[in-house]
Amino acid sequence: MRYLVLTRKYRPQNFDEVIGQPHVTRTLKSALRSKKLGHSYLFSGPRGVGKTSVARIFAKALNCEKGIMENPCNQCDSCRSVTNCNSLDVIEIDGASNRGIDEIRALREAVAYTPTHSRYKVYIIDEVHMLTKEAFNALLKTLEEPPSHVIFIFATTDPQKVPKTVLSRCQRFDFRILSEEEIFRKLKEVVSVEKVKASDEALHLIASRAEGAIRDAEGMLEQLICYSEGEITAEDVREVFGFIGDSLYLDLFNNIKKKEENEIIRRLEEIVQKGYDLKEFISGWLKFLRRIILFKMEIRKTSLPFEEEMKIAGEDVSMDFLTALLNLSVELEKDLRLMNHSPIYLELAMLRMAKLPLLEDLNTVMEKLSKSSSLENNPKVEKETFIAKDELEFSNVETLWNEIMKRINGIYGKNFLKTFLRDAKPISFEDNILRIKVPSTHKEHLKEDLSFLREAIKELTGKNVDIEILTYEQKIEPKLSNDPLVKKIKEIFNAEEHF
């Protein structure tokens, strides 16, 4: 018996065997059951997700000798002929190599003839978007008023290139990419039937590399069956397909966290010396970071031992750090396409990533710096406590002031008001007069924005309030430059101070 490759041997033969497309199979089964059949269908989606397989199953169900049913019997002559690709009434056409107007004219002439043995003549045109504009125009009339015995099924990976005039005449089904878990389960079934030993880690690596295409996954598995001796291991997968293991990514991630620049360079040199494709490396790195982020957000659960290590690695870093790392990595992927000296640029980009742990939340740093400078340089102002009247909800002027600042920062975040009020100090609030003390250099600026301040107070107290501004001199001491927070900012931004 002639050997069949796995992609053909395990091609689904009925709708129940199709994985990952329940929205498509359910609709088609319902149409078959109720006999509400269209005359043209468009199956769109990525490569290797089952478009052509579903088209064949649909064609078998239409022409099954036992009658139109939800699932073909796969036993009658009609079903077997479609399965063996020798049916005279189910015609598959490659749109990439039969894309001209002459081929479509020949098709228009052929549709006039009734089926040889079946109920319907089914035309499956793969990669239909490759047809020329003239070919589509020649097809339009036939699509609009096809013979009752003809059904068209178009498959495409690029539906945007199909003219809207064609799309409007078809029932469209969008196929989605398969999840890693769906592909993993299918591969697990295949190795079980084939009696091949394969570790779960190896199958997970194949599922990850397939990028949602079950056909690609089955093709890689077949290659590994020929390569391996005995059990297929994760190391076999890495060796055959040039995978960079998660252990190396994990080590690199930890080096970045700890700012170990020498180790980062050493690992990158190891990747280059082993001949790994750098674009493949950065693609795997992005997937690695994505998984850590999903673990951090508790969206993804660990299922393998090495994933537990990844989860632990991301626990002691912030989401801001992870998203910044991912952002730099995405930019790196874009730039690597254009760089002639990719290894040098890769090293530079990874060293930049090692600087990320230094970048604390700038707002937090500035807040600490502001408090430090305020304590050292501003004269002490006596805080006058005022007990609010019954109708007010605030027990003292400090509480009221804090609520005012929250409202202003939340609503008028782009206004200079909060900048000039940063050094302001509340003094008292009585007789509908709020007294504040500000540096003398800020007073003129505040006059322009007092309406915002009054509005915020009115929203909080329900009263129109007058504002009395007192001033004090703000001194800047050179010793601020010795503040550790100032030194931190200088280190991060490579800045120089000027007093």
Side-chain angles (χ1 to χ4, degrees), residues 201 205 208 234-235 237-239 241-296 302 304-362 364-365 484-497:
E201 185 178 356
L205 283 175
S208 173
E235 198 57 42
V237 181
R238 296 187 184 104
E239 184 70 25
F241 299 108
F243 279 9
I244 298 175
D246 285 310
S247 59
L248 193 148
Y249 286 132
L250 185 60
D251 291 339
L252 188 58
F253 180 78
N254 288 326
N255 294 149
I256 290 173
K257 282 198 308 182
K258 298 174 183 177
K259 299 174 287 183
E260 297 172 342
E261 297 177 348
N262 290 341
E263 285 298 309
I264 291 172
I265 295 299
R266 187 183 68 79
R267 294 191 192 285
L268 294 179
E269 285 184 347
E270 178 184 341
I271 289 168
V272 173
Q273 288 172 1
K274 286 186 176 181
Y276 288 118
D277 187 330
L278 296 186
K279 295 181 178 62
E280 183 69 35
F281 161 78
I282 196 63
S283 176
W285 172 249
L286 288 172
K287 292 176 183 176
F288 173 84
L289 291 179
R290 177 180 177 272
R291 279 189 286 170
I292 285 189
I293 290 174
L294 292 179
F295 290 142
K296 183 79 173 177
T302 58
L304 296 170
F306 68 86
E307 289 187 329
E308 189 63 35
E309 295 180 30
M310 293 168 56
K311 180 181 178 181
I312 294 171
E315 287 178 349
D316 58 348
V317 295
S318 67
M319 277 299 299
D320 288 339
F321 170 73
L322 289 174
T323 51
L325 197 61
L326 184 61
N327 185 53
L328 283 176
S329 301
V330 170
E331 293 300 320
L332 172 60
E333 183 187 38
K334 294 178 183 177
D335 294 337
L336 280 178
R337 301 171 189 166
L338 307 174
M339 300 299 296
N340 292 325
H341 302 288
S342 296
I344 297 174
Y345 190 78
L346 177 62
E347 291 171 356
L348 176 62
M350 286 289 177
L351 290 176
R352 285 175 60 199
M353 293 178 195
K355 298 292 185 183
L356 283 175
L358 293 172
L359 301 177
E360 296 179 34
D361 182 2
L362 186 57
T364 303
V365 175
L485 289 170
V486 176
K487 290 181 179 179
K488 189 75 168 179
I489 291 177
K490 287 166 58 182
E491 178 186 349
I492 293 173
F493 296 103
N494 195 24
E496 296 182 0
E497 56 192 18

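All values reported here derive from a predicted model rather than from experimental measurement.
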If every non-hydrogen atom of [X] is compared with every non-hydrogen atom of [Y], which pair is closest and at what distance?
X: Ala354; Y: Glu261; answer: CB-CG, 4.4 Å
X: Lys296; Y: Glu315; answer: NZ-O, 3.0 Å
X: Gly314; Y: Ile292; answer: CA-CG2, 4.0 Å
X: Leu278; Y: Pro343; answer: CD1-N, 3.7 Å
X: Lys287; Y: Ser208; answer: NZ-O, 3.5 Å
X: Leu268; Y: Glu347; answer: CD1-CA, 3.6 Å

Side chain proximity check, [X] to [Y], heavy atoms < 4.5 angstrom:
X: Asn255; Y: Arg266; value: no
X: Leu248; Y: Tyr276; value: no
X: Phe253; Y: Leu322; value: yes

Quiz prompt | Charged N-O contact under 4.0 Å between Glu260 and Arg267 | solution = no

To the nearest 0.5 Å, what is the distance between [atom1] on [X] and [atom2] on [Y]?
X: Ile256; Y: Met353; atom1: CD1; atom2: CE; result: 6.0 Å
X: Phe321; Y: Ile293; atom1: CZ; atom2: CD1; result: 10.5 Å
X: Leu348; Y: Ile265; atom1: CG; atom2: CD1; result: 9.0 Å

Quiz prompt | Main-chain N/O of Phe281 paired to Tyr249 side chain as donor or acceptor, under 3.5 Å | solution = yes

Quiz item: With no hydrogens and no angle check, is any side-chain donor or acceptor of Lys311 less than 3.5 Å from a backbone partner on Phe295?
Solution: no

Quiz prompt | side-chain hydrogen bond (donor to acceptor under 3.5 Å, both in side chains) partners of Glu270, counting only residues at least two apart | solution = Lys274

Quiz item: Given Glu263 and Leu252, is the side-chain contact (heavy atoms from CB on, under 4.5 Å) satisfied, shown in steps?
Solution: CA-CA 8 Å; Glu263 285 298 309; Leu252 188 58; over 6 Å; no

Without placing hydrogens or testing angles, list every side-chain donor-acceptor pair under 3.5 Å for residues 325-334, not counting sequence neighbours.
residue	atom	partner	partner atom	Å
Ser329	OG	Trp285	NE1	2.8
Ser329	OG	Leu325	O	2.8

Quiz item: If you count the non-hydrogen atoms of other residues, nucleotides and ligands that lie under 6.0 Å from CG in Asn262, is the total more than 12?
Solution: no

